[in-house]
Amino acid sequence: METLLWLCNWSTLVVCAALKLPQISAVLGARSSRGISLPSLLLELAGFLVFLRYQCYYEYPLLTYLEFPILIAQDLILLLCVFHFNGDVRRAVPYIIICVSAWFILTLQQWILDLAMNLCTFISAASKFAQLQYLWKSRDSGAVSTLTWTLASYTCAARIMTTLMTTNDLTILTRFVIMLALNIWVTATILHYRKTNIKSE
């Protein structure tokens, strides 16, 4: 069991260190943020922030959440890329200020953090649905990276295992199960529209 836990923790950390790099690379290569939903990205960032703050506050084992600072940094880079290719990087500044402020506001009272964590699953699920809706509406996966979403599915599966073996926190476990299902759905949708676009060409 210890070997499995070690493997899940470290493989998740390694995968997350590179998780958004294919997406960032695809956006930079295409010089376009086409296919990427800004609301999805912002909601995902909010979900990651709340989740990280919750884990830190309750002093869960560091290896069970060490990837979240990396994911937040990568999302911020992706956010800057989206604003850059949409023509105005300065529009990202208010969002970054809100993120920094939220970090401190979340722990002003324990009930605020607990409520935010309970809403975190809905926030993260909303980010996936925003991406799905964007894909359905545009019928084009554009610069969206299939590899990024596949790796995200793997990390959720690994985190289900580590949560069961360490904290057994039902709130966290529920979040990862829902995120796994939605990540697989987004991946399948991207592949569907990629095949559709190849056929039409």
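Keep in mind that the numbers below use all heavy atoms, side chains included, and drop hydrogens, waters and symmetry copies.
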Close side-chain approach of [X] and [Y], heavy atoms under 4.5 Å:
X	Y	value
Ile123	Ser127	no
Ser124	Arg175	yes
Trp185	Ile190	no
Trp103	Cys56	yes
Tyr154	Asn183	no
Ile77	Lys20	no
Thr146	Thr187	yes
Leu41	Gln131	no

Give a yes or no on whether Phe122 atom CZ has more than 12 heavy-atom contacts from other residues, nucleotides or ligands under 6.0 Å away.
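Counting other residues, nucleotides and ligands, CZ of Phe122 stays at 12 neighbours or fewer.
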Taking atom CH2 of Trp111 as the centre, report whether more than 12 heavy atoms of other residues, nucleotides or ligands fall under 6.0 Å from it.
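For Trp111, atom CH2 is not crowded (no more than 12 foreign heavy atoms under 6.0 Å).
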Minimal non-hydrogen separation, [X] against [Y], with atom names:
X	Y	value
Leu80	Ala92	CD2-CB, 3.8 Å
Cys99	Leu45	SG-CD2, 3.7 Å
Ser37	Ala130	OG-O, 3.8 Å
Trp149	Lys128	CZ3-CD, 3.6 Å
Leu113	Val50	CD1-O, 4.5 Å
Thr148	Gln23	OG1-N, 3.2 Å

For Phe51 and Phe176, take the angle between the two ring planes, folded into 0 to 90°, and tell me which bin it lands in: parallel under 30, tilted 30 to 60, perpendicular over 60.
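Answer is perpendicular, since the angle exceeds 60°.
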Which is it for Asn9 and Tyr65 under the side chain to side chain donor-acceptor pair (under 3.5 Å) test, yes or no, and what are the steps along the way?
CA-CA 9 Å; Asn9 278 328; Tyr65 64 89; over 6 Å; no
In terms of hydrophobic clusters joined by side-chain contacts under 4.5 Å, are [X] and [Y] together?
X	Y	value
Val14	Phe48	no
Ile98	Val93	no
Tyr57	Leu62	yes
Ile97	Leu76	no
Tyr58	Ile172	yes

Side chain to side chain contact (heavy atoms under 4.5 Å, CB included), that's the test. Do Ser153 and Leu180 meet it? Break it down for me.
CA-CA 5 Å; Ser153 301; Leu180 174 60; 4.1 Å; yes
Euclidean distance, [Y] [atom2] relative to [X] [atom1], rounded to 0.5 Å:
X	Y	atom1	atom2	value
Leu79	Leu38	CG	CG	6.5 Å
Glu67	Leu52	CD	CG	9.5 Å
Leu7	Met161	CG	CE	10.0 Å
Asn168	Leu173	CG	CG	7.0 Å
Ser11	Leu151	OG	CG	11.0 Å
Thr166	Leu5	OG1	CG	6.5 Å

For the pair Gln74 (side chain) and Ile24 (backbone), establish whether a donor and an acceptor sit closer than 3.5 Å, ignoring hydrogens and angles.
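Looks like no, no N/O pair under 3.5 Å.
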Apply side chain to side chain contact (heavy atoms under 4.5 Å, CB included) to the pair Thr171 and Asp114, showing each step before the final yes or no.
CA-CA 10 Å; Thr171 306; Asp114 290 340; over 6 Å; no
Quick one, Arg159 with Thr12, criterion side chain to side chain donor-acceptor pair (under 3.5 Å). Give me CA distance, side-chain angles, the key distance, then yes/no.
CA-CA 8 Å; Arg159 280 300 171 216; Thr12 299; 4.5 Å; no
Starting from the C-alpha separation in whole Å, work towards a yes-or-no answer on side chain to side chain contact (heavy atoms under 4.5 Å, CB included) for Thr107 and Ile112.
CA-CA 7 Å; Thr107 53; Ile112 296 172; over 6 Å; no
What verdict does the side chain to side chain donor-acceptor pair (under 3.5 Å) test give for Asn118 and Tyr54, after you've listed the backbone C-alpha separation in whole Å, the side-chain angles of each residue and the deciding distance to 0.1 Å?
CA-CA 10 Å; Asn118 286 323; Tyr54 179 86; over 6 Å; no
List the steps and the verdict of side chain to side chain contact (heavy atoms under 4.5 Å, CB included) for Val144 and Tyr134.
CA-CA 11 Å; Val144 183; Tyr134 192 90; over 6 Å; no
When you measure from the centre of the six-membered ring of Phe85, is the NZ or CZ of Arg31 under 6.0 Å away and within 45° of the axis?
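Arg31 over Phe85 ring: no.
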